[in-house]
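Any value given below was found using the heavy atoms of this structure, including those in side chains, with hydrogens, waters and symmetry copies removed.
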Number of protein chains: 2
Amino acid sequence: MGKPAEQRRQEIVEAALELAAEQGVKRVTTQAIADRVGIAQPTVFRHFKTRDTIFAAAIDFLVTNMFKVLEVCFISKGPADERLQELVTKQLGFISQQKGLPRLLFSDRLHLESPVLKAAVQKVMTRYMGQIATLIKEGQDAGCFRSDLDPDEASRYVAALIQGLIMRWSIFDYGFTLEKEADPLWKFLHASLRA
Amino acid sequence: MGKPAEQRRQEIVEAALELAAEQGVKRVTTQAIADRVGIAQPTVFRHFKTRDTIFAAAIDFLVTNMFKVLEVCFISKGPADERLQELVTKQLGFISQQKGLPRLLFSDRLHLESPVLKAAVQKVMTRYMGQIATLIKEGQDAGCFRSDLDPDEASRYVAALIQGLIMRWSIFDYGFTLEKEADPLWKFLHASLRA
DNA sequence: AAAGAAAGTAATTGATTACTCACAAATGAA
DNA sequence: TTCATTTGTGAGTAATCAATTACTTTCTTT
């Protein structure tokens, strides 16, 4: 009992993410979080002013980690097609270990109910597609991607493919191994991008 | 007052869909439905045993109409690539007029909370992808699609692309015209499928 | 017109849930 | 030791919402 505040905040965020992954956002009640952390329900409100700020912190935590994992694909100087393939692989790997991410990002529950969270989700998606667009542009300049593609447009389809896959995975109860989808997905994607 | 039951049921389903499209599934309370239809809240339960059965009826209504719209693409005998392009166009057109569909089908709210609705959603998606797979197979036999594709696998990517696009459309508040995305999406898709 | 069924409602109930508050225990610095 | 801050809790509150109940109105059929 009586842990430092920063540590408790982190425990609460992680409990919320676990619950979201297992049972969906609705079941992430402040009581359920408290039970999992092992504290009383009002104690949750010592550390977060409202329930929404817990989700905001969770999204922030996930997004920071995700971009940290993907960073190498954006800054390394290898061939763009290899880096994009690695991005797909790393992205699916990350999400298969962070099932809470699609639950939070792709749940209308969040963006329709809280303008703050909606803005956060939109910002993440815009940043994500922007990074992919840059990567595609680099690939075009290096001659490994078709130059008649609009990089922004293509980046949206890359994102859509990945998100659509993740959604199916989520709807079908995580019923297949997400990482195994990386190679075939890339094959399909590459066929559309290559010069 | 005192309309025939079948008509009232339909009014309730349509009110639920409108509310879902406008404000998200959460706000589709039995009270909100009743207000929109112009009846008292308990009257809703005269026509549907539970709230879930309203959603089930709504999904059924949408899915029936959707497959009716797409049917021509599956049964006509034209070139498979043209039929698939038409499918994409018709699909996006249908959804842009039935915003409730993605809200219902892609909301974890429904499938995570009701086994019946989850099964319904999974069934629709399976059927949808199965039809597309058949279409792709026909295209391969006719020589207009690459024969090294697995039709089932490819159909999942077609579905993922469309769903991912729709999700972005929904997250960004219907902020662009969905129909206008049909042609560029097809261009991208066709590049990956063509022989 | 009378009977019975269908459609409707007002009033409530019970369950859930985010959030508050007054107070208690632990922690740490002076 | 003392005193203030941090962390925690038990006992609530107010709001929301699906569902029920007991009752009334409207319509159809004979």
Side-chain angles (χ1 to χ4, degrees), chain A residues 1-17 19-20 22-59 103-104 107-117, chain B residues 1-17 19-20 22-59 103-104 107-117:
Chain A
M1 316 283 138
K3 297 200 186 170
E6 218 21 80
Q7 190 177 333
R8 264 286 133 81
R9 277 180 66 92
Q10 189 59 29
E11 285 178 15
I12 288 171
V13 163
E14 278 163 20
L17 283 172
L19 287 164
E22 291 164 16
Q23 304 172 30
V25 177
K26 179 180 181 186
R27 302 246 162 88
V28 187
T29 64
T30 54
Q31 184 66 63
I33 294 171
D35 290 348
R36 182 159 296 218
V37 174
I39 55 179
Q41 185 251 7
T43 308
V44 173
F45 289 92
R46 276 269 171 240
H47 298 279
F48 291 92
K49 206 166 180 338
T50 67
R51 181 175 178 255
D52 272 359
T53 58
I54 301 174
F55 288 127
I59 289 176
R103 286 276 147 85
L104 290 189
S107 157
D108 65 349
R109 193 164 252 128
L110 289 192
H111 11 107
L112 285 177
E113 281 161 35
S114 161
V116 175
L117 293 175
Chain B
M1 314 284 138
K3 297 201 188 171
E6 218 19 80
Q7 190 178 334
R8 267 286 188 260
R9 277 180 64 93
Q10 189 58 30
E11 285 178 17
I12 288 170
V13 163
E14 276 164 21
L17 283 171
L19 287 165
E22 291 165 16
Q23 304 172 30
V25 178
K26 179 181 180 187
R27 302 247 163 87
V28 187
T29 64
T30 53
Q31 183 66 65
I33 293 171
D35 290 349
R36 181 159 298 219
V37 174
I39 55 179
Q41 183 254 1
T43 309
V44 173
F45 288 90
R46 277 264 171 244
H47 299 278
F48 292 92
K49 205 166 181 339
T50 67
R51 182 174 177 257
D52 273 357
T53 58
I54 301 173
F55 288 125
I59 289 176
R103 284 278 147 81
L104 257 47
S107 158
D108 64 349
R109 191 163 253 129
L110 288 192
H111 16 104
L112 287 176
E113 280 160 38
S114 160
V116 176
L117 293 175

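- Thr29(A) comes within contact range of the sugar-phosphate backbone alone, with a heavy-atom separation under 4.0 Å but no base atom that close.
- For the pair Lys49(B) NZ and dT20(D) C1', the interatomic distance rounds to 11 Å; values are reported in whole Å.
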> Could you go step by step and tell me if Arg8(B) and Ile39(B) meet the side chain to side chain contact (heavy atoms under 4.5 Å, CB included) rule?
Replying inline: CA-CA 10 Å; Arg8(B) 267 286 188 260; Ile39(B) 55 179; 3.5 Å; yes

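- Among the atoms of the strands shown, only primed sugar atoms or phosphate atoms (P, OP1, OP2) are found under 4.0 Å from some heavy atom of Arg51(A).
- Comparing dA18(D), dC19(C), dG8(C) by their nearest atom to the side chain of Thr30(B) picks out dA18(D).
- Proximity of His47(A) to the phosphate of dT6(D): no side-chain N or O atom is located under 4.0 Å from OP1 or OP2.
- Rounded to whole angstrom, the span from the CD atom of Gln31(B) across to the P atom of dT9(C) amounts to 11 Å.
- Protein atom CG of Asp35(A) is 11 Å distant from nucleotide atom P of dT17(C), rounded to whole Å.
- Note on Glu113(A) versus Arg51(A): no salt bridge recorded, every NZ/NE/NH1/NH2 to OD/OE distance being 4.0 Å or above.
- Residue order along DNA chain C, read from the 5' end via each residue's closest nucleotide, puts Arg27(A) first among Pro42(A) and Arg27(A).
- Separating the CZ atom in Arg109(B) from the CG atom in Leu112(A) is a distance of 8.0 Å, to the nearest 0.5 Å.
- Put simply, Arg46(A) has no side-chain N or O that comes within less than 4.0 Å of OP1 or OP2 on dT9(D).
- Nucleotide dT9(C) holds its C1' atom 13 Å from the CZ atom of Arg8(B), rounded to whole Å.
- Put simply, CG on Leu117(A) and OG1 on Thr53(A) are 9.0 Å apart, with the number rounded to the nearest 0.5 Å.
- Donor-acceptor pairing under 3.5 Å, judged by distance alone, is present between the side chain of Gln41(A) and the base of dC19(C).
- For the pair Asp52(B) CG and dC17(D) P, the computed distance is 16 Å after rounding to whole Å.
- Here dA6(C) presents its C1' atom at 14 Å from CD1 of Ile39(B), a figure rounded to the nearest Å.
- In this structure, Phe45(A) atom CZ and dC19(C) atom C1' are separated by 5 Å, rounded to whole Å.
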In a table with atom names and distances, give each donor-acceptor pair under 3.5 Å that connects a side chain of residues 24-32 of chain A to protein atoms at least two apart or in another chain.
| unit_1 | atom_1 | unit_2 | atom_2 | d |
| --- | --- | --- | --- | --- |
| Thr29(A) | OG1 | Ala32(A) | N | 3.0 |
| Thr30(A) | OG1 | Gln41(A) | NE2 | 3.0 |
| Gln31(A) | NE2 | Asp35(A) | OD1 | 3.0 |

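- One finds a side-chain N or O of Thr43(B) lying less than 4.0 angstrom from the OP1 or OP2 phosphate oxygen of dT9(C).
- For the pair Leu19(A) CG and dA18(C) P, the interatomic distance rounds to 12 Å; values are reported in whole Å.
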